[in-house]
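Just below is one structure, and these are the notes that go with it.
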Amino acid sequence: MTLFRILGVAVMMLFSSVSIAKTNQPNVVILATGGTIASRGSSSMSLTDYGKSTGNQPIGIQSMIDAVPEMLNFAHVTGEQLYNVGSSKLSLDNWLTLAKRINQLLKSDKVDGIVVTHGTDTMEETAYFLNLVVKSDKPVVLVGSMRPSTGLSADGPLNLANAVALAASPEAKGKGVMVVMNDQISSAFGVTKTNTDNAATFKDPNTGYLGYMQNFKPFFVSTPLQKHTTQSEFDITNLDTLPRVDVNFTTLGSDGVLVDAAVKAGAKGIVNAGVGHANMPVATMESLEKAKAKGVVIVVGSRINSGIVTPKGKYVKAGFVSAMMHNPQKARILLMLALTKTHNIQEIQRMFNEY
Ligand code: ASP
């Protein structure tokens, strides 16, 4: 029996009333994809070395639900196990399946909100992708944990209970896809992982948090102004692939070799993670111009995780799109979706301004 579960059962015995589902509660579906929240280490002291690679099998969704009976105070909860992998192992196909399942579930009157359990490494990417393709204003909340379920002070149970409470709350409607971790509510647009291991890893450097959870209640302090979900023009209903978009990371002395390789590999778009306000070495610029001449759409962004890359002269002249407030990993997602609709640079720039 995992520590996650032992703790859950102990709490269930102490407060048996909380485990009784109430009638007329909102219905929340948890879609489980894996990550540290579902993983186990070899002892309470394995805080960074855990999961499948250590031979410890991950925890399934029903055990996670059973371990956190507090969530039944807020919603009637059901779970589906879509995947059970670290989030670095998820694929673009997995995204399409997840998004289609969420859209299908949210069409039903019987579903009021969705929680997606997810590894934290790529959580901001999945959240932003869903933010652009979910067609509902019902709450969709991504949640994970920084410590394995067996770790000392595991953060998964509280994060999960908060996620269900948030997905069940009427105030969360219309806010786009959210991430809740460490009592903080982030927008999919604003959020980024900033620390490899710290429980307070998620920050929203450009926007600030959307709100905070306290005693399992959301307190919102802002609302996202960028288009999302029901306002989004992107539709994945009939898609079974996404166009290839690669990211080139710029450093002092780097060149265009990886840009050339991306073009060779069939990239339809390239996001350049430049230095500062999208600056780059001459050789990188030359490779990007060559790629552009071959029809590849170029987005110039920054490797810095905050600030705005607004259009500047030479890049506009070269026909490049400016990433605005999107970090390179989110710019890649928006460019992939943009390319499913158009190759027109002005149109794509409009999308980067609006989403
Ligand atoms: N390796 C984990 C992941 O699946 C990290 C985490 O979940 O915190 O992203």
Side-chain angles (χ1 to χ4, degrees), residues 90-96 99 122 124-133 188-189 192 226-228 232-236 238-250 254-275 277-281 283-305 308-312 314-355:
L90 289 167
S91 66
L92 301 184
D93 286 348
N94 295 156
W95 268 0
L96 291 169
T122 63
E124 68 193 85
E125 294 175 57
T126 301
Y128 189 58
F129 176 70
L130 295 176
N131 201 43
L132 299 179
V133 301
F189 172 78
T192 193
Q226 292 70 27
K227 286 188 176 173
H228 58 75
S232 171
E233 64 204 90
F234 305 113
D235 188 357
I236 46 96
N238 297 315
L239 291 184
D240 45 28
T241 55
L242 289 164
R244 180 180 179 122
V245 173
D246 289 306
V247 174
N248 182 57
F249 193 90
T250 303
S254 61
D255 56 23
V257 165
L258 296 179
V259 171
D260 302 342
V263 176
K264 236 180 170 176
K268 303 287 178 270
I270 295 174
V271 174
N272 195 63
V275 295
H277 193 124
N279 298 314
M280 65 185 83
T284 310
M285 181 73 185
E286 283 169 3
S287 287
L288 291 174
E289 282 176 318
K290 269 195 268 157
K292 165 86 175 95
K294 289 185 177 151
V296 178
V297 176
I298 309 299
V299 172
V300 286
S302 177
R303 66 182 196 179
I304 297 177
N305 257 336
I308 316 173
V309 173
T310 43
K312 28 183 212 185
K314 65 174 173 182
Y315 297 144
V316 175
K317 220 160 146 204
F320 298 169
V321 173
S322 290
M324 304 304 288
M325 272 191 247
H326 301 85
N327 66 20
Q329 54 273 33
K330 288 189 195 170
R332 170 177 174 258
I333 295 162
L334 182 51
L335 184 53
M336 285 192 291
L337 288 168
L339 290 170
T340 65
K341 303 217 70 141
T342 182
H343 277 65
N344 180 288
I345 298 305
Q346 283 74 35
E347 262 298 277
I348 297 177
Q349 185 64 66
R350 174 190 63 76
M351 292 166 178
F352 273 80
N353 299 346
E354 290 182 356
Y355 289 90

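Here, residue 1 is the first one in the sequence, and each next residue gets the next number.
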Considering all heavy atoms, the nearest [X]-[Y] contact:
| X | Y | value |
| --- | --- | --- |
| Ser254 | Phe249 | OG-O, 4.5 Å |
| Ala338 | Met351 | CB-SD, 3.5 Å |
| Tyr355 | Gln226 | C-CB, 3.6 Å |
| Met324 | Pro311 | SD-CD, 4.1 Å |
| Ala267 | Ile270 | CB-CG1, 4.3 Å |
| Asp93 | Asp240 | OD1-O, 3.8 Å |

Please collect all side chain to side chain donor-acceptor pair (under 3.5 Å) contacts where either partner lies in residues 285-303, sequence neighbours excluded, each pair once.
->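 Output for this query lists Asp260-Ser287.
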Restricting to pairs with a member in residues 329-342, which pass side chain to side chain donor-acceptor pair (under 3.5 Å), not counting sequence neighbours?
->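 Counting only pairs at least two positions apart or across chains, the side chain to side chain donor-acceptor pair (under 3.5 Å) contacts touching residues 329-342 are Glu124-Gln329.
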How long is the straight-line distance from [atom2] of [Y] back to [atom1] of [X], given to the nearest 0.5 Å?
| X | Y | atom1 | atom2 | value |
| --- | --- | --- | --- | --- |
| Asn238 | Leu96 | CG | CG | 11.5 Å |
| Met285 | Phe320 | CE | CZ | 4.0 Å |
| Asn272 | Asp246 | CG | CG | 11.5 Å |
| Met325 | Thr310 | CE | OG1 | 10.5 Å |
| Thr126 | Ile333 | OG1 | CD1 | 7.0 Å |

Could you pull out all residues at least two apart from His326 that satisfy ring-ring contact (aromatic ring centres under 6.0 Å, His included)?
->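 Scan of His326 (ring-ring contact (aromatic ring centres under 6.0 Å, His included), adjacent residues dropped) gives Tyr128, Phe189, Phe352.
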What I'd like to find out is whether the side chain of [X] reaches to under 4.5 Å of the side chain of [Y], using heavy atoms alone.
| X | Y | answer |
| --- | --- | --- |
| Leu92 | Met336 | yes |
| Lys268 | Val296 | no |
| Leu339 | Leu242 | no |
| Ile236 | Phe129 | yes |
| Asn279 | Lys312 | yes |
| Lys227 | Phe234 | no |

Take Ile348 and Leu335 through the side-chain contact (heavy atoms from CB on, under 4.5 Å) test and state the conclusion after the steps.
-> CA-CA 8 Å; Ile348 297 177; Leu335 184 53; 4.1 Å; yes
For a side chain to side chain contact (heavy atoms under 4.5 Å, CB included) with Leu334, tell me which candidate from Leu132, Val245, Val271 qualifies.
->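 Only one of Leu132, Val245, Val271 forms a side chain to side chain contact (heavy atoms under 4.5 Å, CB included) with Leu334, namely Leu132.
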